Amino acid sequence: MLSVLKQEATPNAVDDGPPISVPDSGDTGESGKLKMIVQLVRKCMGIKDIASMRLSLPASLLEPIPNLEYWHYLDRPDLFAAINDSEDSFERMLAVLRFTFSKDLKFIRGKVCKPYNSVLGEHFRAHWDVIPVSYPADPREPPLQHSYVSNPASTSSSAGRLSTESDSVKSGRSAFSYMSFGRTAKSTPATSPEPVESNIDAQISSLSLGAGATELLEADSDDKTKKRIRVIYVTEQVSHHPPVSSYYATCPARQIELRGVDQISAKVSGTTLRVNPGSYNQGIFLNIAGGPGGGEEYHISHPVASVNGILRGNFYITVADSTIITSKGAQDGVNYRAIIDYKEESWIGRAMFALEGVIHTYEEGETEHEEWTKSKHVPADRIIAHFDGSWKGRIRYRLTNGWTPTSSKSSPVPSAATSRSDLAVGTEDEWATLIDISTLYPVPKAVRPLEDQLPTESRRLWDPVTSRLLNKEYSEATKFKQAIEQKQRDDAAERKNKGIEFIPVYFQKDIDNGIPQLTAEGRKAVEEELAEGPRYPLEAAPSKPT
């Protein structure tokens, strides 16, 4: 799913005309913010692409987190790392599906928010040290995650506090505001999720977990003997007009890489903000460099997303259209393709967040499958599995009657003695759980202290704004925000006068195919994150640079 409020339209010195602005009402409560949002919506009516217009927002409307830090596809890095666990190519497709459904938990556990706009040349890097997933004896059950997981019953009993958008709007903060800065408040044990294990050996960033999630961290088993694997993330803003960022992630221990280009196109339609991928954004590209799935590549397309409830002040996200996951290069010669159909929401009643889909095979070199953009387009004899459920809850799957995977090799990572998919459902009536999103929470990232960061790193760059927002000095925060934006305009004007072209530092300039490549500096940044040592115990928020 796209970050529906990822980019505020960026200021640019070389653009004609003054920026569209929304004056600060001076009322920092929810009613004041809602009035400003309504003004903003009215000004955006009829504009073809909000993401490409010049717009300046008061700091009081922003969440105190940089855009590049807020947006990534690694809310569950453990499921990303698990993609290459099995020797069975069908199971790897199931693992990619789990990753796809879990990569945007921030929109389920947190409120819809607007982070800072990125400036040209800004970059962000982070890592996660996660316990690898384990595999239950029952092949009908999904892999077990060992951090930031609650029991379904516990999640259900506390759903009103943990995951309702209306509560977030009323309180002015996320129900699970892991993207918010500040100290973590304790929640009452009676409504707290039950963690399976949540001790992480890397420094938690200064983003707090927020009320309602503290126990996921503090009720840790404190077992530091469990082996952990590191997932690394690097991103950089490579274009300012239009706003475009490149990103790269890797789990070296599992020989998996992920990369892509983020750009959105947004338009106000009625009372909703409809968001599509921009022209540079061609989806997520995932490749396996070695191990069981060595040589495989996966392409994950983006669906269409909408922000709803703008005029009511009750923001929530719905997803439409389809996501298509295409694999190629499997060693056993079987290529799989999954189609996720997000069902249209009725304008009457509550949103259901429902989905359905299929997995089918296709032959290398054929093109017929490219026309199958909905699950109903796929011929029945090509379908090998069906799945359905809610992208906010449980998703189940079943194999087509009579179909069995081609591989029966045992996996080196799961404990099962035979291929899990060989043991899985074999009749039309047998369903298995693919993933239960309702039990999962985003895993916080580890970020270097501010004094160790470069001036162009997101946290250090935006620290003058962040510190004032945290102190509720909104006017001062807006001044510093405008100063950062003005410097970007001045730098752009100077480059234009001198005939200098901006060259990204961490990624190569060419992003036409949607698959960015790291430069030597980018690879160095990845190596530095890999070399960062684990930090026990959890450290305080990083200090400000001198």
Side-chain angles (χ1 to χ4, degrees), residues 72-100 102-103 125-135 143 145-147 201-202 226-235 246-260 283-300 325-336 338 405 407 409-416 419-421 443 445-446 506-507 515-520 522-532 534:
H72 55 76
Y73 299 100
L74 293 168
D75 282 344
R76 292 303 306 195
D78 50 352
L79 289 177
F80 167 67
I83 289 173
N84 197 25
D85 280 0
S86 176
E87 290 191 2
D88 188 287
S89 56
F90 175 72
E91 292 171 7
R92 291 194 294 274
M93 172 56 83
L94 294 182
V96 174
L97 275 168
R98 294 186 186 102
F99 160 73
T100 301
S102 66
K103 63 184 174 59
R125 63 179 80 169
H127 66 264
W128 296 258
D129 289 321
V130 295
I131 301 173
V133 302
S134 58
Y135 296 84
Q145 291 89 57
H146 300 285
S147 60
D201 49 7
K226 293 182 179 179
K227 182 178 180 180
R228 299 171 189 267
I229 54 178
R230 178 160 294 187
V231 174
I232 298 165
Y233 180 73
V234 176
T235 183
S246 295
Y247 60 87
Y248 172 84
T250 181
C251 179
R254 293 293 187 265
Q255 302 183 70
I256 310 172
E257 295 180 318
L258 176 149
R259 68 189 77 214
I284 301 171
F285 296 86
L286 190 152
N287 70 282
I288 302 176
E296 281 184 354
E297 299 177 2
Y298 294 83
H299 174 244
I300 307 170
I325 305 174
T326 306
S327 71
K328 64 179 180 179
Q331 295 178 6
D332 57 15
V334 180
N335 294 314
Y336 297 99
S407 172
K409 297 179 181 179
S410 61
S411 168
V413 178
S415 59
S419 173
R420 291 169 53 80
S421 53
V443 179
K445 62 186 75 70
Y506 299 92
F507 292 88
I515 312 176
Q517 302 297 321
L518 290 171
T519 63
R523 291 190 292 272
K524 179 181 176 183
V526 171
E527 291 298 325
E528 289 175 350
E529 286 299 316
L530 186 61
E532 281 283 318

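In this text the structure is predicted, and so the values were computed from the model without any measurement.
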Hey, could you give me the OG1/OH distance between Thr235 and Tyr73, rounded to the nearest 0.5 Å?
-> 9.5 Å

Closest non-hydrogen atom pair, Leu97 against Ala338 = CD2-CB, 4.1 Å

Nearest heavy atoms of Ile256 and Ala81, plus distance in Å | CD1-O, 3.6 Å

Correct closest heavy-atom pair for Val231 and Cys251 would be CG2-CB, 4.1 Å

From CA spacing to verdict: side-chain contact (heavy atoms from CB on, under 4.5 Å), Asp78, His146 | CA-CA 9 Å; Asp78 50 352; His146 300 285; over 6 Å; no

Can you find a heavy atom in the side chain of Ser147 that is under 4.5 Å from one in the side chain of Val443?
-> yes

Looking at residues at least two apart in the chain, or sitting in another chain, which of them share a ring pair (Phe, Tyr, Trp, His ring centres under 6.0 Å) with Phe99?
-> Phe80

Would you say Ile229 and Arg254 make side-chain contact, with heavy atoms under 4.5 Å?
-> yes

Inter-residue atom distance Thr250.OG1 - His127.NE2, 0.5 Å rounding = 14.0 Å

Is the shortest side-chain N to carboxylate O distance from Asp129 to Arg230 below 4.0 Å?
-> yes

Output the distance between atom CG (Asn84) and atom CG (Leu286), rounded to the nearest 0.5 Å.
-> 9.5 Å

Drop me the distance from Ile83's CD1 to Leu258's CG, to the nearest 0.5 angstrom.
-> 7.5 Å

Using the test side chain to side chain contact (heavy atoms under 4.5 Å, CB included), find all partners of Gln331 that sit at least two apart in sequence or belong to another chain.
-> none

Is Leu518 close to Phe507 at the side-chain level, that is, under 4.5 Å between some pair of heavy atoms?
-> yes

Heavy-atom side-chain contact between Trp128 and Tyr233 under 4.5 Å | yes

Are the side chains of Tyr298 and Arg92 in touch, meaning some heavy atoms are under 4.5 Å apart?
-> yes

Heavy-atom distance under 4.5 Å between the side chains of Val96 and Ser327, does that happen here?
-> no

Heavy-atom side-chain proximity of Arg98 to Arg76 below 4.5 angstrom = no

Which of these, Arg125, Gln517, Arg259, Glu257, sits in a side-chain hydrogen bond (donor to acceptor under 3.5 Å, both in side chains) with Tyr248?
-> Glu257

